[in-house]
Amino acid sequence: MEVPSMKPSDSTIPAPNTLPRTLIADLPSRIGHEVRLQGFLHNVRRLGTLNFVVLRDRTGLAQVRADADEMAPLTGLPDESVLEVTGTASAEPRAPGGIELVTPRFFVLAAATAPPPVVLSRRELKASLPFLLDHAAVSLRHEDRRQALALMAALAEGFRSTLRELGFTEVFTPKIAAATAEGGAEVFPLEYFDVPAYLTQSPQLYKQMLVGVLERVFEVGPVFRAEPHDTGRHLAQYCSLDAEMGFIDTVADLIATAREALAGMMAAAAARIPGQEAVLMPDPLPSLPFWEAMTVLEAAGVRQPGDRPDLTPAGERHLGEWARAELASDFLVVTGYPQDERPFYTHPDPHHPGYSRGFDILFRGLEIVTGGQRLHREADYLRVMAERGMDPSPFEAYLEAFRHGMPPHGGFAIGLERVAKQWLGVANIREVTAFPRYRGRLAP
RNA sequence: GGAGGCGUGGUGUAGCUGGCCUAACACACAUGCCUGUCACGCAUGAGAUCGCGGGUUCGAAUCCCGUCGCCUCCGCCA
């Protein structure tokens, strides 16, 4: 096959460039000076001999005023084309933000070849979620979606910095494993060279083993769930903020640490994205034993006395409203879940047979954290595995950690996307995820 | 896995008790006019055989069956 001339379509950089790039957010400090901006063609308003070009870079929007001659390089250019513009930063009360670029010279760095599939310059993205996700490369450029991505970054950073300050070490565990951690829950199988393997649904077993090494560990990473649920709060891949700590006295130590982590996340989010409703977060977080939560729900008629003891989404929503109204809190800790409902490594509550030292934390009526104290003696593991009919042999490397001494410990996992969803108050978790994975979506 | 709902220009919707549909509206797009726009405005224009297949009927976007795709809720979970 004949290869056409591969001569690069370079020639794009106007030479020589002696002027450094100015970010739009820095324009106010450059008033009266010649500046060079680079960004995307956000919007054009042509009034005739007076025209306004709005340029967007990662720091904001800038208005450029141009006459008909100056507009010539933009003729026929679709929105989102990549531009460079030099001109004078000028104070102008009639301009948005009181500043605009005048006497501009435009240079096209990359011309868009088609108009964007959605209008990015409107306040609201007016398209269905599946369409936006199909066109993520473009729709993510909208202010709302960029803000959601920034929020995710801020939340993750708030988690990391808080735990680092508390003496935790960040760890990196494998996402491909031979055994399934929780047993039962559905996993994605894959071929690992010539043996079967799975994408991990949790770093649980690894972070416990690492408690025996570093005492306090945390991890920010993806987990995979092959459960076929198709709801506004589930993803097949999501980011789990995991923490595990040794030498705890009681499960209250874990809840206090989880609160610290969440408080750090809320503060980071508020600093990055101002103007949102303040989060109600008492110290300590209000908590409710599981059976009392059931009583609250029965009193409200959300749940029937004969129902199997569990917390349904409707029950969670009601508890969220209840906690806000009665306890002035956006968070509610539910403690002492039935042992049967929790994984094998969960520590039972010796004072309440049948109940565990596992807990969940609800944020505005949605479960965002699961945690608990774990067993820490090898004999206890062998006993519960036998009771549950589990073969201990795949867990040999895990059990070795306990054979050689493991402190009383526990931990928790926070669903990052869920926190972001609740924080922004959006209807669907897919709105805060750049490229969500769920049943029915594998691309982009 | 279970229940319900929706598929109409590029996008979002109206029409959907059959004929007035030669399919409407808003946004986007194209052309023209406009010296302070900031959801710019005004005018003109292009763009859809109404998801796909079959059926009923003189006549189907509209009713029926099938099929595909999507959405919501539930079970389970973070």
Side-chain angles (χ1 to χ4, degrees), chain A residues 42-54 61-68 71 75-80 92-100 102 112 114-135 138-139 182 184-187 201-204 221-242 258 307-308 310-317 337 341-343 359-363 366-371 412-422 427-430 433 438-441:
Chain A
H42 188 67
N43 189 230
V44 181
R45 287 185 284 276
R46 296 173 191 274
L47 276 63
T49 54
L50 173 67
N51 307 281
F52 299 99
V53 174
V54 182
L61 302 175
Q63 174 166 292
V64 182
R65 187 184 77 198
D67 64 26
M71 288 294 285
T75 302
L77 207 61
D79 285 353
E80 293 303 303
E92 171 53 68
R94 289 172 295 184
I99 186 165
E100 69 185 5
V102 298
V118 288
V119 186
L120 297 171
S121 55
R122 301 266 164 168
R123 284 195 197 92
E124 280 185 38
L125 269 174
K126 216 179 169 196
S128 65
L129 189 53
F131 185 85
L132 296 177
L133 296 177
D134 284 341
H135 300 276
V138 183
S139 64
E182 323 279 321
E186 302 190 53
V187 293
Q201 55 178 191
S202 160
Q204 181 62 33
V223 296
F224 305 90
R225 304 283 167 95
E227 288 141 19
H229 35 219
D230 192 3
T231 78
R233 61 186 186 284
H234 286 98
L235 293 168
Q237 173 183 339
Y238 67 90
C239 182
S240 182
L241 308 176
D242 268 272
D307 288 352
R308 147 171 180 273
D310 61 358
L311 217 45
T312 62
E316 289 182 5
R317 282 191 292 271
Y337 273 76
E341 309 262 319
R342 309 297 272 203
F359 64 90
D360 282 357
I361 300 178
L362 309 183
F363 177 32
L366 179 67
E367 179 184 335
I368 57 155
V369 181
T370 285
F412 54 89
I414 303 173
L416 174 59
E417 290 87 346
R418 283 196 171 182
V419 176
K421 169 187 183 291
Q422 294 302 89
N428 199 309
I429 197 166
R430 297 165 194 172
T433 314
Y438 56 90
R439 181 88 180 252
R441 181 170 295 277

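Each chain gets a letter, A, B and so on, in the order its sequence line appears, and its residues count up from 1.
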Within the pair [X] and [N], is there a side-chain N or O less than 4.0 Å away from OP1 or OP2?
| X | N | result |
| --- | --- | --- |
| A:Arg225 | B:C77 | no |
| A:Ser128 | B:G12 | yes |
| A:Tyr438 | B:C77 | no |

For [X], what residues pass the side-chain hydrogen bond (donor to acceptor under 3.5 Å, both in side chains) criterion, not counting sequence neighbours?
| X | answer |
| --- | --- |
| A:Asn51 | none |
| A:Glu417 | none |
| A:Ser121 | none |
| A:Arg439 | none |

*Identify the heavy atoms of A:Arg233 and A:Pro313 that sit nearest to each other, and give their distance.*
NH2-CG, 3.1 Å
*A:Glu316 and A:Leu311: which non-hydrogen atoms are nearest, and at how many Å?*
CG-CG, 4.0 Å
Using Watson-Crick or G-U wobble geometry with both distances below 3.5 Å, tell me the partner of [N], or none.
| N | value |
| --- | --- |
| B:A78 | none |
| B:U31 | B:A43 |
| B:U13 | B:A24 |
| B:U57 | none |
| B:C70 | B:G5 |
| B:C38 | none |

Each nucleotide N or O in nucleotides 40-44 of chain B that has a protein N or O under 3.5 Å away: list the pair and distance.
{"residue": "B:C40", "atom": "OP2", "partner": "A:Arg45", "partner atom": "NH1", "Å": "3.1"}
{"residue": "B:C40", "atom": "N4", "partner": "A:Arg46", "partner atom": "O", "Å": "2.7"}

Which whole-number value in Å describes the distance from [X] [atom1] to [N] [atom2]?
| X | N | atom1 | atom2 | answer |
| --- | --- | --- | --- | --- |
| A:Leu241 | B:A78 | CG | C1' | 10 Å |
| A:Arg233 | B:U72 | CZ | P | 11 Å |
| A:Tyr337 | B:C76 | OH | P | 12 Å |
| A:Asp79 | B:U11 | CG | C1' | 15 Å |
| A:Leu362 | B:C77 | CG | C1' | 13 Å |
| A:Gln63 | B:U37 | CD | C1' | 7 Å |
| A:Arg317 | B:U72 | CZ | P | 14 Å |

Using a 4.0 Å heavy-atom cut-off, does [X] contact any base of the nucleic acid, only the sugar-phosphate backbone, or nothing at all?
| X | result |
| --- | --- |
| A:Arg441 | nothing |
| A:Ala95 | base |
| A:Leu235 | base |
| A:Ser240 | nothing |
| A:Glu417 | nothing |
| A:Glu100 | base |
| A:Phe363 | nothing |
| A:Asn428 | sugar-phosphate |
| A:Pro96 | base |
| A:Val369 | sugar-phosphate |

*Donor-acceptor side-chain pairing of A:Arg225 and A:Tyr238 below 3.5 angstrom*: yes
*Among residues two or more places apart or on two chains, list those pairs meeting salt bridge (charged side-chain N to carboxylate O under 4.0 Å, His left out) that have a residue in residues 119-131 of chain A.*
none
*asked:* Test of understanding: with salt bridge (Lys or Arg N to Asp or Glu O under 4.0 Å), list the residues that count as partners of A:Asp134, not counting sequence neighbours.
replied: A:Arg441
*Can you tell if the side chain of A:Ile368 reaches within under 4.5 Å of the side chain of A:Lys421, non-hydrogen atoms only?*
no
*Which is it for A:Leu120 and A:Asp79 under the side-chain contact (heavy atoms from CB on, under 4.5 Å) test, yes or no, and what are the steps along the way?*
CA-CA 9 Å; A:Leu120 297 171; A:Asp79 285 353; over 6 Å; no
*Considering heavy-atom distances to RNA chain B, does A:Leu77 or A:Leu50 have its closest nucleotide positioned more toward the 5' end?*
A:Leu77
*asked:* On RNA chain B, compare the nucleotides closest to A:Pro130 and A:Leu416; which residue's is nearer the 5' end?
replied: A:Pro130
*asked:* Does A:Arg430 contact B:C71 through a side-chain donor or acceptor facing the base, at a distance under 3.5 Å?
replied: no
*Would you check if A:Phe52 stacks with the base of B:G36, given a 5.5 Å centroid limit and a 30° plane limit, both strict?*
no
*side-chain contact (heavy atoms from CB on, under 4.5 Å) with A:Ala66: which residues, sequence neighbours excluded?*
A:Glu70, A:Met71, A:Pro104, A:Phe106
Filtered N/O pairs between nucleotides 1-10 of chain B and protein, under 3.5 Å:
none

*Could you please name the option among B:U37, B:C77, B:A78 that lies closest to any side-chain atom of A:Ile429?*
B:A78
